[in-house]
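Structure first, then comments.
What you see is a predicted model; the values in this text were computed from it and never measured. Residue numbers start from 1 in every chain, and the chains themselves are labelled A, B, ... in the order their sequence lines are given, proteins ahead of strands.
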Number of protein chains: 2
Amino acid sequence: MNPTIYDVAREAGVSMATVSRVVNGNPNVKPTTRKKVLAAIERLGYRPNAVARGLASKKSTTVGVIIPDISSIFFAELARGIEDIATMYKYNIILCNSDQNKEKEIHLINTLLEKQVDGIVFMGGEITDEHAEQLRRSPVPVVLAATIDPKEEFPSVNIDYKQAVNDAISFLTEQGHKRIGMLSGPLEDPINGYQKFAGYREALEQAGIAFSEDLVIIGDYTHDSGVEAVGTFMSLAQPPTAIFTSNDEMALGVIHGAQDSGRSVPEDLEVVGFDDTRLATMVRPTLSTVVQPLYDIGAVSMRLLTKYMNKEEVSEHTVCLPHRLESRGSTKSLS
Amino acid sequence: MNPTIYDVAREAGVSMATVSRVVNGNPNVKPTTRKKVLAAIERLGYRPNAVARGLASKKSTTVGVIIPDISSIFFAELARGIEDIATMYKYNIILCNSDQNKEKEIHLINTLLEKQVDGIVFMGGEITDEHAEQLRRSPVPVVLAATIDPKEEFPSVNIDYKQAVNDAISFLTEQGHKRIGMLSGPLEDPINGYQKFAGYREALEQAGIAFSEDLVIIGDYTHDSGVEAVGTFMSLAQPPTAIFTSNDEMALGVIHGAQDSGRSVPEDLEVVGFDDTRLATMVRPTLSTVVQPLYDIGAVSMRLLTKYMNKEEVSEHTVCLPHRLESRGSTKSLS
DNA sequence: GTGAAAGCGCTAACAG
DNA sequence: CTGTTAGCGCTTTCAC
């Protein structure tokens with residue numbers, strides 16, 4: 001049996017309350033007493049029981065993190081941002097993969113709440129009414145990271161996805177491209193589908209270019225789907241001269257698919273990705289892409305959560321981080 | 001205030017014990033009673049408090065995972081394997097990044113133990129004496145994943161790194177290569193340095209090829225360090241005709257560095273990586289690499305941990321998973 | 001500056 | 001099949 005606070009108290013010849021005070025750094029303890037207690041702790045190899053502490057204090061110093069897939073290079077980076085800030089504020093993280101599955105997500109929220117987490121960072125697809133209902137019932141604060149809440153009911157941290165894509169496409173139209181392909185995620189996906197698609201259409205419209213359905217392909221975010229998509233694009237009667245993809249991995253696929261069929265990037269085809277994951281510099285030519293500050297989104301979300309957990313006043317409920325276009329080898333001109 | 005088991009008991013007109021029984025699926029409850037309790041739970045929106053349960057039952061259904069860096073494509077894959085199996089066995093995961101820093105690692109072990117985790121999966125560099133001492137004090141089982149314990153004191157899941165590298169190098173020598181470069185991790189790293197280096201030397205020796213110091217460069221596992229290393233290798237009086245790298249990312253760097261200087265892979269230079277992360281098929285030519293079952297290493301570690309946690313008999317304390325060489329475009333011949 | 005005592009919400013004998 | 005009763009190990013008033 002591990003020694004308890006009671007054992008330490010006895011060993012040190014003081015009360016449990018006093019031991020508790022020194023363990024928690026309460027200054028109202030005479031230095032001599034503190035010393036005695038510390039010695040007893042050392043002698044016994046006492047290790048405070050955080051579960052008991054949690055029950056008594058109603059705080060677990062643990063936050064829940066719901067993430068679609070930790071093995072994704074995209075989410076893993078976000079997770080790292082979250083974890084670093086959590087550590088900084090002395091919180092631990094319970095990490096759960098949801099695979100963006102609504103049932104799982106809702107179930108996980110519940111599990112985390114049962115475990116008495118002090119807050120939750122949620123990353124997922126869309127916040128549906130069912131999600132919202134569940135989240136509203138949460139006795140602890142929830143922050144959405146890289147996740148759109150159509151009603152802006154919950155605190156969230158994002159970039160302006162629509163504008164970001166608009167920037168990317170506008171960059172391309174300014175270079176004179178008239179036929180710009182878009183390799184999108186499923187349109188139901190609020191960020192990678194809907195928002196980005198909206199940015200694409202908006203930019204075309206602003207440039208006075210007619211929208212053509214042929215030029216939009218729905219991918220599944222994988223390299224393979226990029227390879228496949230270029231094939232389809234290139235077999236068009238009027239193939240695109242530039243392609244934008246909603247993530248970097250598909251962009252690599254597009255580059256490779258183009259090269260496989262003897263085309264060269266950026267001469268024959270310019271390519272712009274999205275995210276600026278580490279992949280972007282791990283291709284030749286290097287990938288021009290929209291920089292989304294993944295780590296920061298995670299870090300800021302967690303920081304925001306700490307504010308809510310401490311019941312601090314928060315000025316902005318919905319934070320929007322800056323993005324920019326990083327021009328590299330897969331596009332011709334320098335921006 | 002959230003309703004407690006006591007509130008539910010009162011609402012349903014039964015005792016706490018009965019409520020506890022239905023919540024825990026104990027069959028010794030009359031169906032009628034069960035129904036009443038369930039209804040009360042529903043009505044009150046009761047959510048069991050896992051912390052209280054943990055205190056009373058001395059089980060947290062939570063396991064700790066110490067990982068060097070979750071944002072690494074390598075470890076993220078391991079983590080996913082761990083998490084999936086944990087979920088399967090109804091455990092949650094407290095995830096902690098250690099950056100392979102010994103002090104952090106030891107501190108994290110302690111924190112996890114304070115939080116009363118039921119077990120720990122540890123991934124890290126080396127198990128030093130200090131680590132061992134700390135781990136020995138753990139009241140709960142610990143399993144090492146992709147981590148070498150020189151004394152084989154703790155349960156672990158790995159592949160035979162030395163043999164795996166030997167296989168890769170032997171494949172190259174069999175193709176007639178006499179000068180094979182190795183882009184290694186720091187030699188102090190027990191797996192990526194020491195073990196792999198040993199496999200390299202062994203294979204050369206078996207092939208009757210003299211070892212040459214020029215042909216070993218220490219990298220830092222990044223793409224850039226691969227690019228840089230080829231530069232150095234190629235400026236040698238007698239440059240290597242094939243290069244083995246201890247991870248895939250450096251291999252991509254090697255390929256790109258070679259291509260940047262006008263060489264073609266595999267014609268002018270053959271390249272073999274290690275890990276078979278998703279990167280391997282995201283380059284041109286695609287990367288021949290040693291397949292290490294990352295997800296499985298994570299999954300098996302977690303499975304092993306569940307056995308220890310359940311006090312089941314375990315036949316093999318130290319498990320060694322199979323590896324193989326996947327031949328792709330960066331080497332000439334098919335194996 | 002220190003101690004006594006009452007819980008925190010639940011499980012786990014033990015009775016009945 | 002159900003209820004009673006101790007705790008689990010700690011925090012937190014409230015006294016002194």
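- Between B:R303 and B:D296 there is no salt bridge, since none of the side-chain N atoms of the basic residue sits less than 4.0 Å from a carboxylate O of the acidic one.
- For the pair A:K36 NZ and C:dT2 C1', the computed distance is 10 Å after rounding to whole Å.
- Residue B:Y221 comes nearest to B:N192 through the heavy atom pair OH-CB, 3.1 Å, listed as atom of the first residue, atom of the second, then distance.
- Phosphate contact (OP1/OP2 of D:dG7, side-chain N/O of B:K58, threshold under 4.0 Å): absent.
- At whole-Å resolution of the value, CG in A:L55 and C1' in D:dT11 are 10 Å apart.
- With rounding to whole Å, A:I41 atom CD1 is found 10 Å from D:dC10 atom P.
- Along DNA chain D, the nucleotide nearest to A:K59 and the one nearest to A:N2 differ in position, and the one closer to the 5' end is contacted by A:N2.
- Atom CG in B:N28 sits roughly 19 Å away from atom P in C:dG16 (whole-Å rounding).
- With hydrogens and angles left out, the side chain of A:R21 and the base of C:dG3 share a donor-acceptor pair within 3.5 Å.
- Between B:T4 and C:dG9 there is no side-chain N or O to OP1 or OP2 distance below 4.0 Å.
- The minimum heavy-atom distance linking B:I159 with B:P293 is given by the pair CG2-CD, 3.8 Å.
- Between A:L44 atom CG and D:dG9 atom C1' the separation is 15 Å, expressed in whole Å.
- Salt-bridge check for B:D7 with B:R43: failed, with every basic side-chain N at 4.0 Å or more from each acidic carboxylate O.
- At D:dT4, none of the side-chain N or O atoms of B:Y6 fall inside 4.0 Å of OP1 or OP2 (strictly under the cut-off).
- Between C:dG1 and A:T33, no contact under 4.0 Å exists linking OP1 or OP2 to a side-chain N or O.
- Side-chain nitrogen and oxygen atoms of B:N24 include at least one within less than 4.0 Å of the OP1 or OP2 phosphate oxygen of C:dT11.
- A salt bridge is defined here as a Lys NZ or Arg NE, NH1 or NH2 lying under 4.0 Å from an Asp or Glu carboxylate O, and B:D129 with B:R136 fails to meet this definition.
- In this entry the distance linking CD1 of B:I5 with C1' of D:dT5 reads 14 Å, nearest Å.
- Following rounding to the nearest Å, A:E114 (CD) and C:dG9 (P) show an atom-to-atom distance of 15 Å.
- Residue-level contact check: B:N49 touches the backbone only, with heavy atoms under 4.0 Å from sugar-phosphate atoms and none from bases.
- Taking atom NZ of B:K35 as the reference point, atom P of D:dC1 lies 15 Å away to the nearest angstrom.
- With DNA chain C read from its 5' end, the first of the two nearest nucleotides for B:S57 and A:P31 is the one closest to A:P31.
- The nearest heavy atom of DNA chain C to A:K30 and to A:M16 marks one nucleotide each, and the one closer to the 5' end goes with A:K30.
- When all heavy atoms of B:N92 and A:C96 are compared, the pair lying nearest together is ND2-SG, 3.9 Å.
- Contact annotation: A:S15 side-chain N/O to C:dG3 OP1/OP2 distance is under 4.0 Å.
- Within the 4.0 angstrom heavy-atom criterion, only backbone atoms of the sugar-phosphate kind lie near A:V14; the bases stay farther away.
- Ranked by how close their nearest DNA chain D nucleotide is to the 5' end, B:A52 and B:A17 are led by B:A17.
- Remark: B:T18 is not in phosphate contact with D:dT2, judged by side-chain N or O atoms under 4.0 Å from OP1 or OP2.
- Listed pair A:R53 / D:dG9 fails the phosphate criterion, with no side-chain N or O lying under 4.0 Å from OP1 or OP2.
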